[in-house]
Amino acid sequence: MPVRLFNTYSRQTEVFIPLDPAGKSVKMYTCGPTVYNHAHIGNFRAYVFEDLLQRHLEARGYAVERVMNLTDVDDKTIRGARTAGRRLADFTQVYKDAFFQDIDTLRIKRASHFPAATEPRYIERMIAMITQLEEQGIAYQADDKSVYFRLAKFPAYGALAHLNLDELRPSGRVNSDEYEKENIGDFALWKAWDEADGDVRWDSPWGAGRPGWHIECSAMATAILGPEMDIHCGGVDNIFPHHEAEIAQSESCTGKKFVRHWLHCAHLMVDGQKMSKSLGNFHTLRDLLAKGFTGREIRYALLTVNYRLPLNFTLAGLDAARAALGRIDEWIVRLREHAGDAAPAAAPLAAHAEKFFASLDEDLNISAALSHLFDLIRESNAALDRAELSPAQAAALLADWQRIDGVLAFQRESAAIPAEVLALVEKRQQARTDKDWKASDQLRDEIAALGWIVKDTKDGPKLSPR
RNA sequence: GGCGGAGUAGCCAAGUGGGAAGGCCGAGGUCUGCAAAACCUCUACGAGUGGGUUCGACUCCCACCUCCGCCUCCA
């Protein structure tokens with residue numbers, strides 16, 4: 001079954017066909033963080049979605065080469081560094097490090113490349129691209145010494161967002177005093193240095209300055225992936241103007257169709273409202289970890305709604321995520337115990353796993369996919385209860401789970417049981433043999449206090465992390 | 001004003017022109033010393049509102065209401 005993805009450009013769900021003539025490799029560019037702050041869970045929703053996309057494509061046999069850029073020079077990073085009284089590179093390094101920690105916490109696969117805008121080879125490429133655009137008469141230097149993209153030279157600008165530029169309403173974000181530009185929509189390719197930039201400056205044919213945000217992505221994307229790529233992702237708010245600008249710049253330079261499939265992730269809401277610091281509903285990953293939630297629980301909560309729908313993020317949703325994961329955990333433990341060392345043999349419930357992947361083929365329909373997973377869990381648990389599942393079949397279901405979890409990355413990490421806990425369990429078993437229920441219950445509480453749940457089963461006590 | 005997305009149970013949410021998935025929470029039951037887990041049963045006669053098309057609409061069409069996003073450097 002082919003993978004079908006919704007393309008923002010066409011507003012249609014399209015069969016995904018990679019550029020690679022062999023149909024094997026996939027080139028994917030994903031807009032990464034601007035490292036001026038800790039990323040918030042809205043940012044991470046997009047990264048988790050991109051991770052799901054990558055993993056599903058890999059599950060379907062594609063080799064994904066993924067680029068995620070780091071924007072480490074722009075207005076916000078400069079302002080942040082200035083406020084902090086630090087050099088830009090030192091300031092952004094803190095948030096780069098934090099970002100990598102955070103994506104590990106959320107089990108987001110590392111991209112193949114994490115280019116940073118300030119790396120000399122990319123700055124050089126940005127300058128080369130702007131130079132070319134200038135030679136083509138597409139870029140021009142204005143009186144303020146900055147270099148702008150001449151929108152009149154790229155009529156397709158606005159096609160991705162389906163905006164008619166003639167009908168744009170002037171908003172507060174447009175400074176109408178920017179008389180230096182020929183056209184109010186012309187965007188900056190190179191920003192001339194000014195005092196507020198401090199020592200953030202690169203030499204260029206147009207004087208000292210720094211690159212505009214849009215050209216950073218065009219340069220990094222085409223430098224690594226070439227002039228054409230299969231997939232470009234980002235948040236919906238990047239569609240206009242950022243991705244429009246990327247198209248305009250890249251295609252003007254290369255003469256080739258920049259991106260085949262544009263995928264955009266909808267916004268995340270918190271408690272039904274836009275997340276904002278003033279509303280007090282602003283969450284970073286760190287905040288949530290401090291509240292006792294784990295990375296995989298947050299991953300689950302961010303993943304369970306289709307990426308094109310707004311996601312309402314709540315603490316209750318995290319509780320539901322925890323419970324659902326617990327159900328998966330228990331199921332795996334049961335299967336493992338039952339399977340033992342048995343070699344996998346065809347299981348009667350294999351269709352569920354296939355439906356799981358088939359659902360993801362349909363523009364990553366994760367809700368439907370998870371429903372098939374839970375059907376599988378319920379039915380195989382029932383089969384185990386009825387002793388109708390052989391160890392070999394349990395082993396086969398575990399193998400299916402491994403494939404599924406290759407996409408979901410939900411599996412609990414196995415923790416070694418401390419000797420202290422084992423000793424308490426031992427003591428408790430003695431108490432139970434003596435029918436000293438009071439001591440038994442107290443020992444259970446002590447074990448729980450150490451972070452472990454003990455369950456009495458027919459086969460003796462079982463421990464699981466809390 | 002332009003463009004776009006969304007309204008399905010207490011919460012999250014799927015698919016579908018003809019029986020309304022799945023998860024969480026809740027109730028009852030089986031099992032258990034008690035729990036926990038698992039399993040079983042129950043939990044929307046109704047899909048924002050009002051019309052229309054149809055033998056039949058949650059699904060298609062129209063209008064309206066509400067929420068959200070973008071409209072020139074926010075994922």
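Here is how names work: the chains are called A, B, and so on, in the same order as the sequence lines, proteins then strands, and each is numbered from 1. These numbers come from a predicted model, not from an experiment.
In terms of the ring pair (Phe, Tyr, Trp, His ring centres under 6.0 Å) criterion, residue partners of Phe114(A) (sequence neighbours excluded) are, by chain and number, Phe100(A).
Under the stacking criterion of a centre-to-centre distance below 5.5 angstrom and an interplanar angle below 30°, Phe374(A) is not stacked against the six-membered ring of G22(B).
Among C12(B), C39(B), G33(B), the nucleotide with an atom closest to any side-chain atom of Asn312(A) is C12(B). Distance from the side chain of Val236(A) is smallest to G69(B) among C74(B), G22(B), G69(B). When distances run from any side-chain atom of Asp385(A) to the nucleotides A21(B), A38(B), G22(B), the shortest one goes to A38(B). The side chain of Arg432(A) lies closest to C34(B) when the candidates are C34(B), A36(B), A14(B). Comparing atom distances between the Ala324(A) side chain and each of G23(B), C12(B), A21(B) picks out G23(B) as nearest. Among the nucleotides G33(B), A35(B), C25(B), the one closest to any side-chain atom of Trp437(A) is G33(B).
Figure legend: cation-pi geometry between Arg308(A) and Phe6(A), with NZ or CZ positioned under 6.0 Å from the six-membered ring centre and within 45° of its axis.
Listed pair Asn365(A) / A14(B) fails the phosphate criterion, with no side-chain N or O lying under 4.0 Å from OP1 or OP2. Close to A37(B), at under 4.0 Å from its OP1 or OP2, lies no side-chain N or O of Arg327(A). The shortest distance between the side-chain N/O atoms of Lys455(A) and the OP1/OP2 oxygens of A35(B) is not below 4.0 Å.
In this structure, the OH atom of Tyr300(A) is 14 Å from the C1' atom of C11(B), given to the nearest Å. When the P atom of A14(B) is taken as reference, atom CZ of Phe356(A) falls 15 Å away, rounded to whole Å. Regarding Arg322(A), its CZ atom lies at a distance of 14 Å from the P atom of A37(B), rounded to whole Å. Between Leu311(A) atom CG and C12(B) atom P the separation is 11 Å, expressed in whole Å. Nucleotide C24(B) holds its P atom 14 Å from the CD atom of Glu297(A), rounded to whole Å. Rounded to an integer number of Å, the gap from Asn306(A) CG to G7(B) C1' is 16 Å. With rounding to whole Å, His267(A) atom NE2 is found 9 Å from C70(B) atom C1'. The distance between atom CG of Leu309(A) and atom P of G7(B), rounded to the nearest whole Å, is 7 Å.
Of the residues near RNA chain B, Thr314(A) and Asn43(A), the one whose nearest nucleotide (by heavy atom distance) lies more toward the 5' end is Thr314(A). The residue among Ala323(A) and Thr304(A) whose nearest nucleotide of RNA chain B lies closer to the 5′ end is Thr304(A).
Taking atom C1' on both G17(B) and C58(B), the two are 11 Å apart, rounded to the nearest angstrom. Comparing the same atom, C1', in U66(B) and in A27(B) gives a spacing of 33 Å after rounding to whole Å. The separation of C3(B) from U8(B), taken at their C1' atoms, amounts to 27 Å, rounded to a whole angstrom. Look at the P atom in both G26(B) and C65(B): the space between them is 40 Å, to the nearest Å. Rounded to whole Å, the separation between the C1' atoms of C24(B) and G33(B) comes to 30 Å. With P as the reference atom, U43(B) and G4(B) are 41 Å apart, rounded to whole Å. One P atom belongs to G50(B), the other to A9(B), and the distance between them is 16 Å to the nearest Å. Look at the C1' atom in both A20(B) and A47(B): the space between them is 9 Å, to the nearest Å.
Between the side chain of Asp456(A) and the base of C34(B), a donor-acceptor pair under 3.5 Å is found. Not a single donor-acceptor contact under 3.5 angstrom links the side-chain atoms of Arg11(A) to the base of C3(B).
Contact check of residues 329-340 of chain A against RNA chain B (heavy atom, cut-off under 4.0 Å) returns Glu330(A), Arg334(A). Only at 4.0 angstrom or more do the heavy atoms of residues 101-119 of chain A sit from any atom of RNA chain B, so none qualifies.
Salt-bridge formation is detected for the pair Glu50(A)/Arg66(A): a Lys NZ or Arg NE/NH1/NH2 atom is positioned less than 4.0 Å from an Asp or Glu carboxylate oxygen.
Side-chain contact between Arg336(A) and Leu398(A): present, with at least one pair of heavy atoms (C-beta onward) separated by less than 4.5 Å.
In this structure, Phe187(A) CZ and Ser146(A) OG are separated by 13.5 Å, a value rounded to the nearest 0.5 Å.
Other residues, nucleotides and ligands contribute at most 12 non-hydrogen atoms within 6.0 Å of the CD atom of Gln442(A). The local environment of NZ in Lys427(A) is sparse, with at most 12 non-hydrogen atoms from other residues, nucleotides or ligands closer than 6.0 Å.
Screening His261(A), His243(A), His264(A) for a ring pair (Phe, Tyr, Trp, His ring centres under 6.0 Å) with His232(A), the sole residue that qualifies is His243(A).
Relative ring orientation between Phe99(A) and Tyr47(A) is described as perpendicular, the plane-to-plane angle rising above 60° on a 0-90° scale split at 30° and 60°.
Note: Tyr36(A) and Tyr95(A) fail the aromatic proximity criterion, with ring centroids not under 6.0 Å apart.
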